[in-house]
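Below is one structure, written out as C-alpha cells, with a few remarks after it.
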Amino acid sequence: MQNNPDVTLITPTAPVATATHGGRAKCLQRLNRLDLPVPPTVALSFKAVHAIAAGQLPDLEAVLSQFDTTALLCVRPSSEDPDWGGPNAVLNIGMNDERFAALTAEMGEQAAAALYLRFVQSYAVHVARLDPDLFDAVESDGAVGLRHSLRAYEDETEEPFPQDRGEQLGAVLRSMARAWEGTSARLLRQAKGAPADAGLGLVVQEMIPGFGRGECGSGVFQLVDPVTGAQQITGRYLSQSQGRDALGPGVEAIYLERDPRGPSLEELAPEAFAALKDHAALMRRKLRAEMQVEFVIENGHVHILDGVRVPRSSRAAVRIAVRLAEDGVISPQEAVMRVEPHSLNELLHRQVHPQARRDVLTSAIAASPGAATGRIVFTAAEAQASAARGDPCILVRRETSPEDVRGMHAAAGVLTERGGMTSHAAVIGRGLGLPCIVGASEIRFQTKKRQLVAPDGRVLRTGDIITIDGSSGQVLAGEPAMLEAAQDESFQTLMAWADAERDIGIRANADTPADAQTARNFNAQGIGLCRTEHMFFEPGRLTVMREMIFAETAAGRSAVLERLLPMQREDFVQLFRIMEGQPVCIRLFDPPLHEFLPTSRQGQRELAEALDLPVSNVERRVDAMSEYNPMLGLRGVRLGVTVPEIYDMQARAIFEATLEASKKGEPVVPEVMIPLVSARREVELVKTRIDAVAAAVAFERGQEFDYRLGVMTETPRACLRAGEIAPHTAFMSFGTNDLTQMTYGLSRDDAGRFMSAYVRKGVFEEDPFHVLDADGVGELLSLAVERARAAQPGITLSICGEHGGNPESIRLCREVGFDYVSCSPFRVPVARLAAAQLAIAAKLGGEPNPKFKM
Ligand code: PEP
Ligand code: MG
C-alpha cells in the first residue's frame, strides 16, 4: 500500500501533501513526525475519493490490514482548506453485534451500547440517508435504546444492519465522497472561496474509544483563549465520551486546568494533563501555530487524534500572530500575513458579542462597521436633543443630506432606507467611525407616522431601542451584549511591523479637527482629502452660507464671504497644527449650492425671516436653483468657474492659515485640489485666480510660501485627457466615487435599491462602489496614470474615493502605480495592513494573505 500515494498509511515519509490529501491528512503526518501518540491513520487522496464517488472503491482489504483486526475506525474529511467544510465524520465503524458482546464484557454494557448506538444512528442518517426523526421516538439509551434503533433501521430499510467492517467502511467512504460532490455542498464551499473542482481527501483512523475502565474520555485542549487570544489553557474534557461530546450543549464537561469554578482534568488525571500540555506546546512550536488539540484518554494515557488551528476572533488572531512572532516561532512578516485586514474592523469598533442572541429585524448594506444601540429618532434635531440628554440614539432617515451631519455627529448610529456604499450617510458614517446601515428598503419607513414597520410586521416607534450592526448589515431589536473595541499593544506592534513592509502611502480623508486627530492616532501619513463643504454646516455658518447663495451680485457675495473667511482660516489652522507638517490636501468647494438651502416650508420661512426677505422670494430662488441632475450639474469646478468668489475666499483662507501655522515649526506646504474637472481650460482658469490670491497674500503679509495645486480626477473625460491636464498640476487624486458613478452611469445614491439583485444575478461581481471595478474604471485609471506620467513624470498620483480603504482595491492602486491611497480615518489601519501584505507577497512572489495552511 505504501507504493500507492492515493491510499497510504500516514508515516513520517509517506507521500502526503495538503494539495493532494487535504490539510487534516498533512497535519496528522506532521504530528506523526513529532512522534506524538497518534493512532494509525490511512489517508485517501482527492483522486481516490473522486474515484469512490464514481463507484470505484479502493482495495479495502489493504486499508483494513493497516489496523488491528478488532479495532473500531472513524472516517473524517480532509479538504484543502478547513473553511471549505466537508461531510460529517463517522465514528465507530466496525461496531456490530459481535463487537458489542465483546466490548460489553470489556467495558460494561452501557459504554458498549453507547458506541454501537452512535454508529447505528450516524450510519442510518449519513449513509442510508434515513430521516433523523426516525430516532426521535427512541427514548432510552443503553442497550434498550440500541435495540430500538436497530429495529427502526431494519424496519425502514428492510435489511439487517450491516455487520461486516469492510462493508460498513466501503459504504461510509462512498456516502462521504458523494456528499462532497453534491450540488449544495459545492455551492456552499464555492461561497467560501473554494474552486469549483476542489478535492476532498478522507482519513481513516483507528479509534481509541474514550470509554472503558480507568480514566477514559475525550476533549479538546488549547493554549490560548479563542475570544481574547490571551495565553490561557482552554478547552473541555468529558469522562466516558468520544468525538466532540465534551463541547456539546448542556454537557457537564470539566475544565482542563485547575479552576475555582469546578473540577478539572489537572486534578482528575495530573499525568495526562501534563502530557497534553507538553504535546500542545510542541505542536505550537513545530507547526508554528496555536493549535486546538483533539485528544482521547484511555486508561490514563493520552492519544492525539487531530490538530486544527484554534478557531479565533479577530482580536485573538492579532494577539496570537504577534505572540508567535515575539516568541520567535514565526517571523514578523509572517505575523503580518496571518491577519485578515478586513477583520481589523472588529478591533477598531464595538461589536455585537459573538455569543449574543440576535433578534434580527432586517439586513441591508453594511456601510460603516461597528455596532451601536440607541433609541430611534427620526430627525437630526431629535438626535441632538437626545445626545444633550446623554441618551444614545439611532438616527433613522430615508436618506441623509448635509443638513443631517450635525445630527449624525450626535447619534450613536445611522440607519437609512435608501443609498449605497458611497451615498451621503455611508461616507459620513465611515468618516466619523459611526456604525451605519443603508439601503434598508425591506423596512417600511413611515416617517410621518414616526414609525418603522419591519418585514415581519413588528412596528418600531420613536424611542424604541434598536441595535445596528454596521459590520454585518443587520438591524436588531433591543440591546444585545457588546464587545468593546480593543487596540491593545499587540495591535500596535502588528501595525508597526506592517508599516515597515509597506511600499504605498496611506493618508486619511478628514474634514474636521476630530477626523484629523483620528487620522493621526491611526498613523495616517497626511490628509488626502478634506471636503471643505462640511465646514459650512457648523452652527452659525449655515445662515451666512445661505446669505452668500442669495446674494444678487459678485460684490454682494464677496461681502458675505468676508464673514466666512476667518472661520475657514481657523479650520485650516487647526488641521495644519494637528497634522504637524504632514501633507494636507484641501479640496475646494464641491457640492451644488442648493444642498445648503432648506427644503421644508418651515425651513424656508425661517430663512426668509433670517434674511429679511418675503417667503415667496425664498421659494422662488430655491425653485430656480433646483436641477434635474444635480450631481451632473452646477457643482465642483463649474462653481469655481462661474461663481469664482467662493474659491477665492477658500484659497485666501488656506494661504493665510498656512502662514499662521508655519509660525511655529516647519513651514506648511498646503495642497489645494480642484474637484470635478473635465477639461484643461477649467484648470487654467481656476489656477490663474488661485495663483493671484497666493501672490496677494504673500505680498500683504510680506512672506513667501509654497503650495501645490492639484486636480481631482473623477470624470471619465479627465482620465482620458490626463495627458493635457497633468502639465498644469502638481498632483492628480482620483475620486473613484464619482468616477464609478459616471463610468457606469449609475447613481451612487440610488444604486443601493437594486445592487444586491445585480450582485446576486452575477451582473456585477461586487458592488463597484465598494470594490473598484478593475475592468472598466480600472482601465480608465491605468490610462490616466500612463498619460499623466508621460506628460509630467514627477506628478503625484493617488486615490481618495472610498475604495482607498478597501484591500482588494488597494491591490489595483498599487499595480497601477499610485503614490498613496486615502481613505476614511477608521479604515487607515485596514489599508496599512492590506498594503503591507501586498508588498510582502510581491517580495515573496506569492499571493497576499494566503489563508494560513498547515
Ligand atoms: C469621489 O468622488 O470619489 C470623492 C472622493 O469625492 P466625493 O465623495 O466627495 O464626491
Ligand atoms: Mg466626488
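Counting begins at 1 with the first residue of the sequence. Atoms within a ligand are numbered from 1 in the order they appear, just like the ligands themselves. Since we're looking at a predicted model, the values are computed, not measured.
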Would you call Arg789-Asp819 a salt bridge at under 4.0 Å N-O? yes
Option nearest atom 5 (C) of ligand 1 (shortest heavy-atom distance, choices Arg635, His534, Met712, Met742): Met712
Taking atom 9 (O) of ligand 1 as the reference point, the nearest protein heavy atom with its distance: Arg531 NE, 2.7 Å
Is the NZ or CZ atom of Arg398 both under 6.0 Å from the centre of the six-membered ring of Phe445 and within 45° of that ring's axis? no
Which of the ligand 1 atoms, numbered from 1, are nearer than 4.0 Å to a heavy atom of Arg748: 2 (O), 7 (P), 8 (O), 10 (O)
Mark up the atoms of ligand 1 that fall under 4.0 Å of a heavy atom belonging to Leu529, in ascending order. 5 (C)
Side-chain donor-acceptor pair under 3.5 Å between Glu595 and Ser401, yes or no? no
Residue, atom and distance of the protein heavy atom nearest atom 3 (O) of ligand 1 read Asn737 N, 2.7 Å
Answer yes when Arg681 and Glu684 have at least one side-chain N-carboxylate O distance shorter than 4.0 Å, and no when they do not. yes
Under 4.0 Å from any heavy atom of Thr736, which atoms of ligand 1 are there? 3 (O)
Could you go through Phe655 and Phe705, starting from their C-alpha distance and side-chain angles, then the distance that decides it, and tell me whether this counts as ring-ring contact (aromatic ring centres under 6.0 Å, His included)? CA-CA 8 Å; Phe655 298 141; Phe705 56 88; 5.1 Å; yes
Honestly, for Thr422 the part within reach of ligand 1 (heavy atoms, under 4.0 Å) is neither
Under 30°, 30 to 60°, or over 60°: which ring-plane class applies to Phe596 and Phe536, parallel, tilted or perpendicular? perpendicular
Without hydrogens or angle criteria, can the side chains of Ser472 and Asp469 be said to hold a donor-acceptor pair below 3.5 Å? yes
Between Phe818 and Phe734, how do the two ring planes meet: parallel, tilted or perpendicular, split at 30° and 60°? parallel
Tell me which pairs pass salt bridge (Lys or Arg N to Asp or Glu O under 4.0 Å) where either residue lies in residues 623-640, with sequence neighbours left out. Asp590-Arg635, Arg635-Asp738
With a 4.0 Å cut-off on N to O distance, would you call Arg721 and Glu724 a salt bridge? yes
Give the numbers and elements of all ligand 1 atoms closer than 4.0 Å to a heavy atom of Gly801. 3 (O), 5 (C)
Given His803, Arg587, Met673, which one has a non-hydrogen atom that is nearest to atom 6 (O) of ligand 1? Arg587
Does Met579 reach the side chain of Ile527, with side-chain heavy atoms less than 4.5 Å apart? yes
For Val427 and ligand 1, answer yes if some heavy atom of the residue is under 4.0 Å from a ligand atom, otherwise no. no
Under a heavy-atom criterion of less than 4.0 Å, does Gln741 contact ligand 1? no
Around the Mg ion (ligand 2), how many protein N/O/S atoms fall inside 2.8 Å? 2
